[in-house]
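A, B, ... follow the sequence lines: proteins, then strands. Residue 1 opens every chain.
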Amino acid sequence: MTPKYTSSANKMVYNNQVWEVVRQIPPGNVATYGQIASLIPPPEGMPAESYRKLSPRWVGGAMAACPEGVPWQRVINAQGKISLRGSVAETQRELLEAEGVEFDERGRIDLKRFRWKRPDQDEQQLGLPL
DNA sequence: TCCTTGACTCAGA
DNA sequence: CTCTGAGCCAAGG
């Protein structure tokens, strides 16, 4: 039968990979959901194209179940903004500002300045403007 | 079973 | 810059 890439077992494995990556983001830096997804390989047999469309949401799902000890506040969306709503969003902003991350009037972070760049990762891999 | 709602992103208008 | 809609999928009412 056609294998789905979303069995609870595989999801748990994926979540652990997400948290592992997030743990590597140093203070004062941020990463987007899509960026984190790009650092994790697709499940066995999954087309890269499909993975590209689904993975950002998977990362979001992993962050929603984030265990303690993981710097969840360093994960933001591709627009450079906080994706959470309500009071928890303020908490995230405060934690980031305490690390030196700056927000503009629109509540947006300049990814050119604060986006985390893994040692072995360069701009062209993400195709993002620098 | 249908409909809504997500810690997403990209392309258009 | 803001707002939609599409693409995708799972969970809950």
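A/Arg93 is listed as a side-chain neighbour of A/Ile82, based on a closest heavy-atom distance under 4.5 Å.
With hydrogens and angles ignored, the 3.5 Å screen pairs a side-chain donor or acceptor of A/Gln35 with a backbone N or O of A/Trp116. Checking side-chain atoms of A/Gln73 against main-chain N and O of A/Gln92 turns up no donor-acceptor pair under 3.5 Å. Judged by distance alone, the side chain of A/Arg108 and the main-chain N or O of A/Gly80 form no donor-acceptor pair under 3.5 Å. Listed for the A/Trp19 side chain is no donor-acceptor partner under 3.5 Å among the backbone atoms of A/Pro67.
Put simply, CH2 on A/Trp58 is 13 Å from P on C/dA11, counting in whole angstrom units. What separates CG of A/Asn10 from P of C/dC9 is a distance of 15 Å, to the nearest Å. Protein atom CZ of A/Arg106 is 4 Å distant from nucleotide atom P of C/dT2, rounded to whole Å.
With P as the reference atom, C/dC8 and B/dT1 are 22 Å apart, rounded to whole Å. Spacing of P atoms, B/dA7 relative to C/dG13, comes out at 15 Å, to the nearest Å.
At the phosphate of C/dG7, neither OP1 nor OP2 sits under 4.0 Å from any side-chain N or O atom of A/Arg52.
Using a 4.0 Å cut-off between charged side-chain N and carboxylate O, A/Glu20 and A/Arg23 make a salt bridge.
Residue-level contact check: A/Arg108 touches the backbone only, with heavy atoms under 4.0 Å from sugar-phosphate atoms and none from bases.
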Give the B/S/- string for nucleotides 3-9 of chain B, one per nucleotide from 5' to 3', where a protein heavy atom under 4.0 Å of the base yields B, of only the sugar-phosphate yields S, and otherwise -. ---SBBS
